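The block underneath contains the structure these notes are about, expressed in structure tokens.
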2 protein chains.
Amino acid sequence: MPVTNKIDPAAGTGHEPRAAEKILKVARDLFYRQGIRAIGVDEIVRTAGVTKPSLYRSFPSKDELAASYLRRYDGEFWARFEESVTAHPGDPRAQIVAFLAGVGKRTQRPGYRGCGMTNAVVEYPERDHPARLVSEENKRELRRRLRAMAKAMGAGEPDTLGDGLLLLIEGAYISGQLFGAGGPARSVARNAELLIDASLATPGRA
Amino acid sequence: MPVTNKIDPAAGTGHEPRAAEKILKVARDLFYRQGIRAIGVDEIVRTAGVTKPSLYRSFPSKDELAASYLRRYDGEFWARFEESVTAHPGDPRAQIVAFLAGVGKRTQRPGYRGCGMTNAVVEYPERDHPARLVSEENKRELRRRLRAMAKAMGAGEPDTLGDGLLLLIEGAYISGQLFGAGGPARSVARNAELLIDASLATPGRA
DNA sequence: TGACAATGTTACCGATCGGTACGTATACGA
DNA sequence: TCGTATACGTACCGATCGGTAACATTGTCA
């Protein structure tokens with residue numbers, strides 16, 4: 001059996017190498033808080049208490065390490081999303097509002113740094129960058145789901161509403177790290193409510 | 001041929017250096033398209049056809065050059081904003097919708113890279129970074145104006161509406177560079193309309 | 001013509017960047 | 001007990017990072 005999975009260190013063998021996991025954990029922390037470009041591999045290995053060759057045995061490059069960090073981030077994102085969905089079965093409006101309430105709350109926490117995947121897109125405009133690919137896939141799927149939920153709500157223009165909700169979400173990510181507590185992101189759920197109700201009262205157009 | 005187009009650099013000296021203007025122009029282009037951290041000073045001076053000492057005679061550091069780039073960006077931003085405002089005197093709703101229509105249109109252009117100031121905030125989370133200070137000031141002022149316009153419209157919750165519009169705007173900046181043409185940013189003006197109308201029909205709360 | 005300011009030229013700095021060649025320690029099965 | 005595979009460390013690579021010293025050249029105006 002192939003002993004080392006270079007991308008996902010936790011896959012395959014029963015006991016995963018300890019170094020890779022430590023590296024990924026530290027990378028997640030530093031990349032998210034300070035940005036991917038701002039953090040060098042030296043700082044990662046130093047903080048993780050490992051050495052550079054250990055990093056490059058588990059990850060083919062810094063870019064791929066960043067992509068691995070974002071894959072983990074993506075998993076955590078969908079876990080939070082599903083939590084709001086399952087909390088309100090059959091009620092897409094409540095599902096979205098619940099999710100947005102959580103987003104709004106997190107944006108008010110000190111040191112909030114937005115969405116790691118959104119930030120990665122800003123940091124890496126190159127279309128084919130590994131980190132960007134992970135982020136784009138996440139956003140495409142989120143857009144798809146929001147539009148589907150808007151349709152299930154019976155919105156007059158479901159695609160418009162779904163996209164509007166996505167705009168509010170992305171706006172909250174950015175405003176949260178820009179303004180800190182007391183910023184516009186605080187009212188993201190309330191604005192979503194207003195937008196949803198307006199869309200439900202509006203007949204189809206276009 | 002005395003080029004007296006003085007915006008920012010070397011404001012004291014009466015005589016306008018040509019190198020500084022070339023550098024600032026190139027920096028604007030490269031910083032915006034590829035990100036500030038992604039561009040080195042060597043690439044800037046090479047593209048501008050000047051030398052590194054020329055850069056450091058006009059700008060004390062790369063960080064300050066980035067701040068100068070953003071100050072120019074800030075000026076262009078408010079020029080566009082005022083254009084929408086003066087096009088619809090006394091009609092804040094039309095002013096905002098016009099501005100948002102312009103934003104939505106620009107986000108659909110190929111190679112769109114969002115708002116330079118928003119991107120700088122993502123690239124530099126440090127609270128006291130020169131580039132971030134310029135961006136934060138711009139966003140604070142934008143928030144203030146949007147809230148004032150929401151109040152002038154007679155919204156039930158003017159602060160909520162103003163903040164909601166800011167969320168839509170920031171979301172459009174990000175989605176524009178994330179999805180490209182056909183992305184959610186296309187419908188930013190339409191969603192703003194829906195949100196505004198919903199807010200005008202909603203009495204005060206809180 | 002002379003003076004001065006702006007720019008260019010060349011060469012350099014220490015630090016850090018992402019990445020690697022190669023030797024060593026340790027655990028395990030035969 | 002030995003061989004082997006695996007995980008880790010030491011030391012190093014060339015390139016690039018932001019930034020500077022010292023000096024030559026140019027254009028402008030008095």
Side-chain angles (χ1 to χ4, degrees), chain A residues 1-7 9-27 30-31 34-69 123-124 126 129-131, chain B residues 1-6 8-27 30-31 34-69 123-124 126 129-131:
Chain A
M1 85 170 70
V3 196
T4 49
N5 186 329
K6 292 235 162 195
I7 303 299
T13 62
H15 68 293
E16 62 269 22
R18 294 199 15 86
E21 181 55 30
K22 283 196 283 185
I23 289 167
L24 195 50
K25 201 165 182 178
V26 167
L30 296 180
F31 282 161
Q34 299 178 238
I36 299 171
R37 292 199 117 112
I39 296 295
V41 291
D42 289 279
E43 188 163 357
I44 292 176
V45 299
R46 197 186 329 129
T47 308
V50 301
T51 58
K52 218 168 354 171
S54 282
L55 191 158
Y56 283 97
R57 275 179 217 113
S58 297
F59 306 93
S61 66
K62 184 200 174 183
D63 288 343
E64 282 300 334
L65 172 60
S68 291
Y69 142 60
E123 283 200 275
Y124 294 99
E126 307 89 18
H129 192 284
Chain B
M1 53 184 69
V3 183
T4 41
N5 181 12
K6 48 168 50 186
D8 181 32
T13 66
H15 206 276
E16 203 58 31
R18 287 190 358 100
E21 180 56 28
K22 282 197 284 184
I23 290 167
L24 195 49
K25 200 166 182 176
V26 167
L30 296 180
F31 281 162
Q34 300 177 237
I36 299 172
R37 291 201 119 110
I39 296 296
V41 291
D42 289 279
E43 189 163 356
I44 292 176
V45 299
R46 197 187 328 129
T47 308
V50 301
T51 58
K52 212 159 17 160
S54 280
L55 191 157
Y56 283 98
R57 280 182 206 114
S58 297
F59 306 92
S61 66
K62 183 198 175 185
D63 288 344
E64 282 300 333
L65 172 60
S68 291
Y69 141 61
E123 284 201 274
Y124 294 100
E126 307 89 19
H129 192 284

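Labels below follow one simple rule: chain letters A, B, ... track the order of the sequence lines, proteins then strands, and each chain is numbered from 1. Quick caveat, the model's predicted, so the values are computed rather than measured.
- Put simply, CG on B:Leu55 is 16 Å from P on C:dA6, counting in whole angstrom units.
- What separates NZ of A:Lys22 from P of D:dA7 is a distance of 14 Å, to the nearest Å.
- Put simply, NZ on B:Lys52 is 8 Å from P on D:dG18, counting in whole angstrom units.
- Atoms CG (B:Leu65) and C1' (D:dG19) sit 13 Å apart, rounded to a whole Å.
- Donor-acceptor pairing under 3.5 Å, judged by distance alone, is present between the side chain of B:Arg57 and the base of C:dG8.
- If you find the closest nucleotide of DNA chain C to B:Pro53 and to A:Ile36, the one lying nearer the 5' end belongs to B:Pro53.
- At least one side-chain heavy atom of A:Phe31 sits under 4.5 Å from a side-chain heavy atom of A:Lys62.
- At least one side-chain heavy atom of B:Leu65 sits less than 4.5 Å from a side-chain heavy atom of B:Leu24.
- Regarding contacts with the backbone of C:dG19, a side-chain N or O of A:Tyr56 is found under 4.0 angstrom from either OP1 or OP2.
- Residue order along DNA chain C, read from the 5' end via each residue's closest nucleotide, puts B:Thr51 first among A:Ala38 and B:Thr51.
- Counting only heavy atoms from C-beta outward, the side chains of A:Leu30 and A:Ile44 approach each other to under 4.5 Å.
- Between A:Arg46 atom CZ and C:dC17 atom P the separation is 8 Å, expressed in whole Å.
- What separates NZ of A:Lys62 from P of C:dT20 is a distance of 15 Å, to the nearest Å.
- Between the CZ atom of B:Arg37 and the P atom of C:dT16 there is a distance of 14 Å, given to the nearest Å.
- Counting non-hydrogen atoms under 4.0 angstrom, B:Ile39 reaches the backbone sugars and phosphates but no base.
- Between B:Asp42 atom CG and C:dC17 atom P there is a gap of 17 Å when expressed in whole angstrom units.
- Residues A:Val50 and A:Leu55 are not in side-chain contact: their nearest non-hydrogen atoms beyond the backbone lie 4.5 Å or more apart.
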